[in-house]
**Q** 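Quick one: this structure, given as structure tokens, is what I'll be asking you about.
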Number of protein chains: 2
Amino acid sequence: MFKKLDPLLHSELRLAVMSVLLGLKEADFNYIKEQTQATAGNLSVQLDKLAQAGYISVEKGFEGKRPKTTCRITPAGIQAFENYVESLKDYIKR
Amino acid sequence: MFKKLDPLLHSELRLAVMSVLLGLKEADFNYIKEQTQATAGNLSVQLDKLAQAGYISVEKGFEGKRPKTTCRITPAGIQAFENYVESLKDYIKR
DNA sequence: TAATTTGGTTTATATTATAAACTTATTTAT
DNA sequence: ATAAATAAGTTTATAATATAAACCAAATTA
């Protein structure tokens, strides 16, 4: 009846992160932070979890002398997101 | 950008409960338990939270000699559910 | 009358989410 | 030159949540 919701995606911030990344080829830490209105600490933790799950890739580099963290959604991430949305329909369809 | 998701509804079990109740005039504890595949303890706790929030009403009565808990969604609950679904669209629309 | 079932509630634990505090390096101002 | 402020995150501590296990009372069945 009700499909299980992927707990990694059923989180307000992580879902917002995935939503931001879906629309884009890549996005850096601060852009995601602005779009999601997250605190840096919270975002850092949640990006780690998404990366651990293989839903995003995180690349740490530099822009000039400043560190720059760039994130991309992976094919597995896209698939997981689609599954999540599909599962959600059980809950919200009328 | 991303609307805040009502934390009372952004919970797998509570959302499933609301989803069940939306389709029905009323439902008793065990029916909801079956539909959602929840344990009794978990369901009891989550029904309390929904009732505290005024999203459902819970009526404890008897059927014959056996206790029977009947739940109904309230107008506030319907409104909250609709708001939640509307907010979700920010996150899942492509 | 002892064991089992029904219909739950309460309590304890594990997991999560989140913010606050901290770190390291870079600019900017004095 | 050096002190203060800013940038870009990470780590750690705390609060909130979800969940199952343990429990309880009444009714039914063996």
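Protein chains get the first letters and strands the later ones, always in sequence-line order, with residue 1 at the start of each.
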**Q** When we call it a touch if two heavy atoms are under 4.0 Å apart, what does A:Glu12 touch: a base, just sugar-phosphate, or nothing?
**A**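 No contact at all - A:Glu12 keeps every heavy atom at 4.0 Å or more from the nucleic acid.
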**Q** Would you mind reporting whether A:Lys89 and A:Glu86 have side-chain heavy atoms less than 4.5 Å apart?
**A**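 Of all side-chain heavy-atom pairs linking A:Lys89 with A:Glu86, at least one is under 4.5 Å.
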**Q** Whole-Å distance between D:dA18 C1' and B:Leu9 CG?
**A**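 The distance from CG of B:Leu9 to C1' of D:dA18 comes to 15 Å, rounded to the nearest Å.
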**Q** When you check every protein heavy atom under 4.0 Å of nucleotides 7-15 of chain C, what one-letter string (B, S, -) results, 5' to 3'?
**A** SBBB-----
**Q** Rounded to whole Å, how long is the line connecting atom NE2 of A:His10 with atom P of D:dA16?
**A**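 Rounded to the whole Å, the gap is 19 Å.
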**Q** With respect to the phosphate group of D:dA20, does any side-chain polar atom (N or O) of B:Thr39 fall under 4.0 Å of OP1 or OP2?
**A**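 Yes, because at least one side-chain N or O of B:Thr39 sits under 4.0 Å from OP1 or OP2 of D:dA20.
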**Q** Could you tell me the separation between the NZ atom of A:Lys49 and the P atom of C:dT16, rounded to a whole number of Å?
**A**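 After rounding, the reported distance stands at 6 Å.
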**Q** Under the rule for ring-ring contact (aromatic ring centres under 6.0 Å, His included), what residues qualify as partners of A:Tyr91, not counting sequence neighbours?
**A**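 By the ring-ring contact (aromatic ring centres under 6.0 Å, His included) rule, A:Tyr91 matches A:Phe2.
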**Q** Rounded to whole angstrom units, what separation is found between the CG atom of A:Leu43 and the C1' atom of C:dA20?
**A**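 Going from CG in A:Leu43 over to C1' in C:dA20 covers 16 Å.
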**Q** Round to the nearest Å and state the distance from B:Gln37 atom CD to D:dA20 atom C1'.
**A**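 To the nearest whole Å, that distance equals 15 Å.
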**Q** If I take atom CG in residue B:Leu8 and atom C1' in nucleotide D:dT17, what distance separates them, rounded to the nearest angstrom?
**A**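 Rounded to the whole Å, the gap is 11 Å.
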**Q** Would you please name every residue forming a side-chain contact (heavy atoms from CB on, under 4.5 Å) with A:Asp48, sequence neighbours left out?
**A**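 Checked A:Asp48 against side-chain contact (heavy atoms from CB on, under 4.5 Å); zero matches.
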**Q** With sequence neighbours excluded, what pairs up with A:Asn42 under the side-chain contact (heavy atoms from CB on, under 4.5 Å) test?
**A**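 If we apply the side-chain contact (heavy atoms from CB on, under 4.5 Å) test to A:Asn42, skipping adjacent residues, the hits are A:Leu13, A:Thr39, A:Gln46.
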**Q** List the residues meeting side-chain contact (heavy atoms from CB on, under 4.5 Å) with B:Gln79, not counting sequence neighbours, and say none if there are none.
**A**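 B:Gln79 satisfies side-chain contact (heavy atoms from CB on, under 4.5 Å) with B:Glu82, B:Asn83 only.
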**Q** How close or far is atom P of D:dA8 from atom CD of A:Glu59, stated in whole angstroms?
**A**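 After rounding, the gap between these two atoms is 17 Å.
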**Q** Report all side-chain donor-acceptor pairs from residues 56-70 of chain B shorter than 3.5 Å, counting only partners two or more places apart or in another chain.
**A**
residue, atom, partner, partner atom, Å
B:Glu59, OE1, B:Arg72, NH1, 3.0
B:Glu63, OE2, B:Lys68, NZ, 3.3

**Q** Round to the nearest Å and state the distance from B:Phe62 atom CZ to D:dA26 atom P.
**A**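 B:Phe62 atom CZ is separated from D:dA26 atom P by 9 Å.
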